[in-house]
Protein chains: 2
Amino acid sequence: MSDYEHTCMIRGDGGKTIRAILDQICNKWTLLIVATLDRSRVRFTDLHQQVPGISQRMLTLTLRNLERDGLVLRTVHAEVPPRVEYELTAIGRSLLPPALALAGWAMEHVPQIEASRAAYEQRSSPGR
Amino acid sequence: MSDYEHTCMIRGDGGKTIRAILDQICNKWTLLIVATLDRSRVRFTDLHQQVPGISQRMLTLTLRNLERDGLVLRTVHAEVPPRVEYELTAIGRSLLPPALALAGWAMEHVPQIEASRAAYEQRSSPGR
DNA sequence: CTGTATCCCCCGAGATACTG
DNA sequence: CAGTATCTCGGGGGATACAG
């Protein structure tokens, strides 16, 4: 499928559905968690430690959404103390390449963007 | 660069910068506007009409951010009535492929995700 | 036509405390 | 260990009115 067709998809309405899904994926923690689940099953506490700065609440909520959308599989082991492991499903893994492509883009352009911001500040507050 | 290295980038801190930039790009309107600016210069009002549902305020704000980050070029024509045109810069255009890749992913997986959601609802409220 | 300036509301998200 | 339950707050974002 061509870039142009993709463009149409992003813009066209009923793209409401797309937007909703993109919003979900692009929120504060989702990409981070999906990236962390790459190549391994991880249990709740480990995830909590490996994702720097996330609260227990947001970790739970984000994982529930991912599970609900079928991107993450949640496995509860009937033990005591309880053990719960999370892993990517096939769909979840298929998200990785495009997500990482976007992250890669961000990485590569940080210097240019920051330079552009600095220049912009100069222009808008020259006396300061 | 390998997927694995990208994974590290997304996760690694100082990835704070990356996260900030990703947050900016993945907000409610940015991708939509960038996609709309693909292949043409567009003036303010046209943009306002072509992006369905955006308020004047958010259009202005989003465009300012994009201009500030060097993704969009703003050209004011000294005429009356005023005419302002927006177009992507080289950096802005370089965002298109990964952004559209993500949008494409979302498009392709809408059915599976919705199915997964429906099934999830079933499970969580079986009596309803 | 192309914006600013205000007001206001909702909800994303953190902190904290409690439970099976 | 792996969560829920509340409370709270800031700010993203809509509606509206005004300005150059």
Side-chain angles (χ1 to χ4, degrees), chain A residues 13 15-16 19-34 36-37 40-69 72-87 120 123-125, chain B residues 13 16 19-34 36-37 41-69 72-87 120 123-125:
Chain A
D13 241 349
K16 267 194 306 184
R19 262 267 306 288
I21 289 182
L22 278 181
D23 282 1
Q24 179 115 54
I25 284 165
C26 289
N27 69 22
K28 193 168 182 185
W29 298 111
T30 302
L31 280 185
L32 220 42
I33 288 181
V34 168
T36 305
L37 287 177
S40 55
R41 264 207 218 160
V42 188
R43 46 191 304 192
F44 188 85
T45 304
D46 293 344
L47 215 41
H48 195 189
Q49 288 163 353
Q50 287 182 45
V51 178
I54 196 173
S55 65
Q56 221 171 34
R57 170 189 154 80
M58 287 321 294
L59 182 54
T60 303
L61 283 180
T62 309
L63 284 170
R64 283 293 174 281
N65 284 334
L66 286 171
E67 187 196 1
R68 170 192 157 115
D69 288 356
V72 155
L73 183 65
R74 176 170 178 267
T75 313
V76 183
H77 300 266
E79 311 172 352
V80 42
R83 185 167 114 245
V84 181
E85 292 182 317
Y86 295 90
E87 63 189 312
Y120 190 91
R123 263 173 280 144
S124 46
S125 54
Chain B
D13 245 349
K16 265 195 307 183
R19 263 264 309 285
I21 289 182
L22 278 182
D23 282 0
Q24 181 115 57
I25 283 166
C26 291
N27 68 23
K28 192 168 182 186
W29 299 110
T30 302
L31 280 185
L32 220 42
I33 289 181
V34 169
T36 305
L37 288 176
R41 265 206 216 159
V42 188
R43 48 191 301 191
F44 188 85
T45 304
D46 294 343
L47 216 39
H48 194 189
Q49 287 163 354
Q50 287 183 45
V51 177
I54 194 172
S55 65
Q56 223 170 34
R57 171 189 153 81
M58 287 322 293
L59 181 56
T60 303
L61 283 180
T62 309
L63 284 171
R64 285 292 174 281
N65 285 333
L66 287 171
E67 189 196 359
R68 171 192 156 115
D69 288 356
V72 155
L73 182 65
R74 176 171 179 265
T75 312
V76 183
H77 300 267
E79 310 172 355
V80 42
R83 186 168 112 246
V84 181
E85 293 183 316
Y86 295 90
E87 61 190 313
Y120 189 91
R123 264 173 277 143
S124 45
S125 54

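The chains referred to below are lettered A, B, ... by the order of the sequence lines, with proteins before strands, and numbering in each begins at 1.
- What separates CZ of A:F44 from C1' of C:dG20 is a distance of 15 Å, to the nearest Å.
- The closest side-chain heavy-atom distance from A:F44 to A:T60 is below 4.5 Å.
- Proximity of A:D23 to A:N27: side-chain heavy atoms (C-beta onward) are nowhere separated by under 4.5 Å.
- Separating the CG atom of B:N27 from the P atom of C:dC11 is a distance of 18 Å, rounded to the nearest angstrom.
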Practice problem: Would you check, one step at a time, whether the test side-chain contact (heavy atoms from CB on, under 4.5 Å) holds for A:I33 with A:L66? | Solution: CA-CA 10 Å; A:I33 288 181; A:L66 286 171; 4.0 Å; yes

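- Here the closest heavy-atom approach between residue B:H48 and residue B:I54 is recorded as NE2-O, 3.2 Å.
- Taking atom CG of A:L61 as the reference point, atom P of D:dT4 lies 8 Å away to the nearest angstrom.
- Note on A:T45: a side-chain N or O is less than 4.0 Å away from OP1 or OP2 of D:dA2.
- Look at CD on A:Q56: it is 12 Å from P on C:dA15, rounded to the nearest Å.
- Residue B:S55 has its side chain nearest to D:dG14 when only D:dA2, C:dG14, D:dG14 are considered.
- The shortest side-chain heavy-atom distance between A:L37 and A:L47 falls under the 4.5 Å cut-off.
- Atom P of nucleotide D:dA2 and atom CD of A:E79 are separated by 10 Å, given to the nearest angstrom.
- Taking the side chain of A:R43 as heavy atoms from C-beta on, and the options D:dG13, D:dA2, D:dG3, the nearest nucleotide is D:dA2.
- Contact check, A:R74 against D:dG3: a side-chain N or O comes under 4.0 Å of OP1 or OP2.
- Checking the phosphate oxygens (OP1, OP2) of C:dT4, no side-chain nitrogen or oxygen of B:R57 falls inside 4.0 Å.
- Side-chain nitrogen and oxygen atoms of B:R64 include at least one within less than 4.0 Å of the OP1 or OP2 phosphate oxygen of C:dG3.
- Whole-Å rounding puts the A:I54 CD1 to C:dG12 C1' distance at 13 Å.
- Taking atom CG of residue A:L63 and atom C1' of nucleotide D:dC1, one finds them 15 Å apart after rounding to whole Å.
- The CG-P distance, from B:D23 to C:dG12, rounds to 14 Å in whole Å.
- Listed candidates were C:dA13, D:dG3, D:dG14. Nearest to the side chain of A:V84 is D:dG3.
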